[in-house]
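Structure, as structure tokens:
Every chain is numbered from 1, with letters handed out A, B, ... down the list of sequences. Everything numeric here is computed off the predicted structure, so don't read it as measured data.
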Protein chains: 2
Amino acid sequence: MDAESSRVEKNAVSPVKIDRRSLHGEILTRLRTMIVEGDLAPGARINEVEICTQFGVSRTPLREALRSLASEGLVELVPSRGAVVREFSAKEVRDTIAVIRNMEEFACVTACAQASDAGIGEIRALHDAMEAAYEKGDRRHYYNLNQQIHTHLVDLADNSALSQVHETLQARMKRFRYAGHEGPENWARAIAEHRGMIEALEARDPDRLKAVIGQHLGAAWERVADMFAATQEGTKEKH
Amino acid sequence: MDAESSRVEKNAVSPVKIDRRSLHGEILTRLRTMIVEGDLAPGARINEVEICTQFGVSRTPLREALRSLASEGLVELVPSRGAVVREFSAKEVRDTIAVIRNMEEFACVTACAQASDAGIGEIRALHDAMEAAYEKGDRRHYYNLNQQIHTHLVDLADNSALSQVHETLQARMKRFRYAGHEGPENWARAIAEHRGMIEALEARDPDRLKAVIGQHLGAAWERVADMFAATQEGTKEKH
DNA sequence: GGATCAAATTTTGTATGCAATATGCATTAC
DNA sequence: GTAATGCATATTGCATACAAAATTTGATCC
């Protein structure tokens, strides 16, 4: 026991030497990106050998990655029938966004109370970069910065469990958010809401921040709902 | 066809040993129980072959189960060094309970507004059974019913994302809750808090329910904190 | 011609084997 | 006597092989 404790303190730095023994981690990241960014359609069956040959690996690490994705809620594992990219009903999307909203509102209180100025400054930098991406019309960059802002905001609450769960749910919704801000008016509105967010955060006003985040994510659901109704209408009606 | 379709809808309940095509699922459940109920100590390295021979299976399904447990946050996977049962610092436990508390408070509103009487009746039945277990001094049964009550309460909000995330976090904390209600006075206090919960729920009073749940989970943290300080003191101080 | 059943193929689930890395011990040098 | 280095063992990571189940296809019967 004491022999163990003497060599525990080695996890501070781990620069870049990880990837030799992490094929499953690599696959996990790539598959997650493919699902989250829409390269794999919801409901699509994932053929193991197909992905294996595509990635140039064997089935073992792929299957391990699929288990992780199932735990994250991005794929569903049907016994004896393999993995399918998870489909979300309109209700599931709405409910998930509601949970994300609740988490971010929860984070507001702690974040405003005990975030460092540097932490808030990081979000300000992200916000400015997002505005720049908006004005340049760079949607990809805008989306990523948008997500990072929400992630960083939650991180300001300094609650790892909250951050981790929030990240998981956010990943599930990423595909929908990508398609969410379609018209320029929606996009402009989202930007305006974000301006309110960063201002309330810099003022460290938790109530105002909660209100504006609630409004922002409520609007996010409406934006997604439109898209959802349009795309899902042709295929299938659930809930 | 009809013979086939009759046995499709069986995934509502998953008793124990249904399909022989889910060894990894079986292992996952057993390992999770072992971790959650304290049979595997935090920080303990999990030797694959050891568990394999113990379970009588090969390493493949075990490794898949370990990935899932890692995604659930119950084990940590160190590259080239295998899986260790995850340790939680006092701060992590406190933060996780805070998130659980926030989720249950969030569930209160929807639950009080739109739960069915039957759903509330189920929780009443669980509560009465829990009281009976308390009076009989049956701790094991009490703990399980206690957890079920919290799970069912969240389920009343009819938000699958919320239920799933709550269940995951609750599983992480189960070990600590087991050890939480140690003295009889703490136990009695927890029972009293639960009485307030079920009464507020039956009155469909969300504000009162939120208050009593907040108090209950705040007290839960205090109970856990005592235990935590006592047990962790001897080994290591984190955060 | 359509439907049903059976065989073949595909695909998943599990076991085993091999290579690479980590760990522990012993020997040697200082 | 202590520390460092090299070797042996153990354990992890991945690939392959084999078995069972599901899907597809084809043939036969009505």
Euclidean distance, Lys91(B) NZ relative to Arg94(B) CZ, rounded to 0.5 Å: 6.0 Å
Given DNA chain D, 5'-ward residue of the pair Arg81(A) and Glu64(A), judged by closest heavy atom: Glu64(A)
Numerically ordered, the residues 51-60 of chain A set in heavy-atom contact under 4.0 Å with DNA chain D is Val57(A), Ser58(A), Arg59(A), Thr60(A)
Expressed as a whole number of angstroms, how long is the span from Arg67(A):CZ to dT14(C):C1'? 11 Å
Over how many whole Å does the gap from Leu77(B) atom CG to dG13(D) atom C1' extend? 12 Å
Rounded to the nearest angstrom, tell me the gap between atom CG in Leu62(A) and atom P in dG13(D). 17 Å
Rounded to whole Å, the CD1-P distance (Ile46(A) to dG13(C)) equals 12 Å
Kindly compute the distance separating CD (Glu122(A)) from OG (Ser116(A)), expressed to the nearest 0.5 Å. 7.5 Å
Atom-to-atom span, CD of Glu50(A) to P of dT10(C) - whole angstrom: 14 Å
Using a strict threshold of under 4.0 Å (side-chain N to carboxylate O), is an ion pair present between Glu26(B) and Arg30(B)? no
Distance check: side-chain N/O of Asn47(A) vs OP1/OP2 of dT10(C), anything under 4.0 Å? no
Glu37(B) and salt bridge (charged side-chain N to carboxylate O under 4.0 Å, His left out): which partner among Arg175(B), Arg32(B), Arg140(B)? Arg140(B)
Whole-Å gap separating P (dT16(D)) and CG (Leu23(A)): 12 Å
Is it true that a side-chain atom of Arg86(A) and a backbone atom of Ala70(A) form a donor plus acceptor pair closer than 3.5 Å? no
Whole-Å distance, Arg63(B) CZ to dA15(C) C1', equals 14 Å
Closest to side chain of Glu48(B), choosing from dA15(C), dG13(D), dA15(D): dG13(D)
N or O in side chain of His24(A) less than 4.0 angstrom from dG13(D) OP1/OP2: no
Without placing hydrogens or testing angles, list every side-chain donor-acceptor pair under 3.5 Å for residues 49-57 of chain B, not counting sequence neighbours.
from, atom 1, to, atom 2, distance (Å)
Thr53(B), OG1, Val49(B), O, 3.0
Thr53(B), OG1, Glu50(B), O, 2.8

Which residues pass the ring-ring contact (aromatic ring centres under 6.0 Å, His included) test with His150(A), not counting sequence neighbours? His194(A), His216(A)
